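Owing to the predicted nature of the structure, the values given are computational and were not obtained by experimental measurement.
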Amino acid sequence: MTSITVRKPDDFHNHLRQGEMMTHLVKETAKVFARTNVMPNTLPPIRNAEDLTKYHEELKAVGTDLEFLMTFKVMPETSPEMIPALKAAGAVAGKLYPLGVTTHSEDGVADIEALFPTFQAMLEEDLVLCLHGEVPGEDALKREEAFLPKLQAIHKNFPQLRIVLEHASSKAAVEAVKSMGDSISASVTVHHLVLTIEDVQDSAGSIHHPHHLCMPICKTDADRKALQEVVFSGHHKFFLGTDSAPHSREKKEAGHPPAGIYTTPVALPVLTELFEEAGKLDQLEAFTSQFGADFYQIPLNDSQIELVKESWIVSEEMFGVVPFRAGEQLSWKIS
Ligand SMILES: [Zn+2]
């Protein structure tokens, strides 16, 4: 096969940042995706309808045809009364970060149950709850698994509330999501389908590749295999959310690197390569462009995107950021 055309994808987990960086990121995202979820962990975060509208205006002002699916940060102070205004401002989802699990989560949630009235309001407004599913303090490889009982508890209390376990990274998470009702799904990143813990740190736990550090951390080969298998099988509960999250080369390489991998420019070529190697190219479009839209109950995109089999070298650096697979050769290229 020398070319493949798919429905233009949606990215259901993307960090578009702020300021000059935001302008670059919006433009790069628009080259690949028709729509993108916009994560709310800006500084300050997107807390209310006013923040959301302001950020949305800034994103639109970049002047691309990318459509923004706006989210807000579910924080201890997010009250049920705030939810109708967030919905009216265009929010599709609220994102919950447990306290202290990742970039800008110092204001995250310690007591999830205290937010049950807010979840009830989100359910009534038909909003999606996006979860960063990790328990801080656990061993990095076990943090996601340790969160799964909390996911189950929320689902049990709100069986109709649509919940996305973001960036599923473990076999345990894949099994848990499969076992629960259809209101539970998971987004899957490109890097968790490619990397294992060995690509991030050495056996003593010191990080040898800061540009591969993300949260949740990439795990064992068995975890990666479980993710690949469920995605290649065309399971409707698992869809693309890249969690593309750039940090400057300077910050990444200065010791104590922040978590996040910038994958937007290579996401589709890398996925095409993976699905091709697995003999599952026929499942690519559903993963990138259908299952997520179905879960979010939005129409499928009309436009298409073509990839050609033509090797190219990924940039070493883009606007001060080292992208995923920097300097490496990829075999599929967006035409
Ligand atoms: Zn993220």
Is there a side-chain contact between [X] and [Y] in this structure, where contact means two heavy atoms from C-beta onward sitting under 4.5 Å apart?
X	Y	result
Leu123	Gln160	yes
Leu127	Leu129	no
His15	Asn41	yes

Identify whether NZ of Lys or CZ of Arg in Lys73 sits under 6.0 Å from the centre of the six-membered ring of Tyr97 and within 45° of that ring's axis.
->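 Yes, Lys73 and Tyr97 form such a contact.
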Would you check if the side chain of Asn301 reaches a backbone N or O of Lys8 as a donor-acceptor pair within less than 3.5 Å?
->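 Yes; judged by distance alone, with no hydrogens or angles, the pair exists.
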Ignoring hydrogens and angles, state whether a donor on the side chain of [X] or [Y] is under 3.5 Å from an acceptor on the partner side chain.
X	Y	answer
Glu28	Thr264	no
Asp182	His236	yes
Lys219	Ser169	yes
Glu144	Ser170	yes
Glu310	Trp332	no

Nearest 0.5 Å please: distance from the CG atom of Leu59 over to the CG atom of Leu66.
->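 Interatomic distance, Leu59 CG to Leu66 CG, rounded to 0.5 Å: 8.5 Å.
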Taking side chain to side chain contact (heavy atoms under 4.5 Å, CB included) as the definition, give me every residue that meets it alongside [X], ordered by chain and number, with sequence neighbours left out.
X	value
Thr288	Pro9, Leu240, Leu268, Leu271, Leu284
Ser248	Glu250, Lys251
Gln201	Ile197, Ile207, Ile217
His212	Leu195, Asp199, Val200, His209, Phe324

Glu50 CD: over 12 foreign heavy atoms closer than 6.0 Å |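 No, the 6.0 Å shell around CD holds no more than 12 heavy atoms from other groups.
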Tell me, yes or no, whether the heavy-atom count around Lys142 atom NZ, taken from other residues, nucleotides or ligands under 6.0 Å, exceeds 12.
->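 No.
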Can you label the angle between the Tyr296 ring and the Phe239 ring as parallel, tilted or perpendicular, going by 30° and 60°?
->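 Perpendicular: the ring planes of Tyr296 and Phe239 meet at over 60°.
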Using the ring of each side chain (for Trp, its six-membered ring), is Phe116 parallel, tilted or perpendicular to Phe119, with breaks at 30° and 60°?
->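 Tilted.
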Not counting sequence neighbours, list each pair that qualifies as a side-chain hydrogen bond (donor to acceptor under 3.5 Å, both in side chains) and has a residue in residues 108-121.
->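 Only Gln120-Glu124 qualify under side-chain hydrogen bond (donor to acceptor under 3.5 Å, both in side chains).
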Considering residues at least two apart in sequence or located in another chain, which fulfil the ring pair (Phe, Tyr, Trp, His ring centres under 6.0 Å) criterion with Phe275?
->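 Ring pair (Phe, Tyr, Trp, His ring centres under 6.0 Å) check on Phe275 returns Phe232, Phe287.
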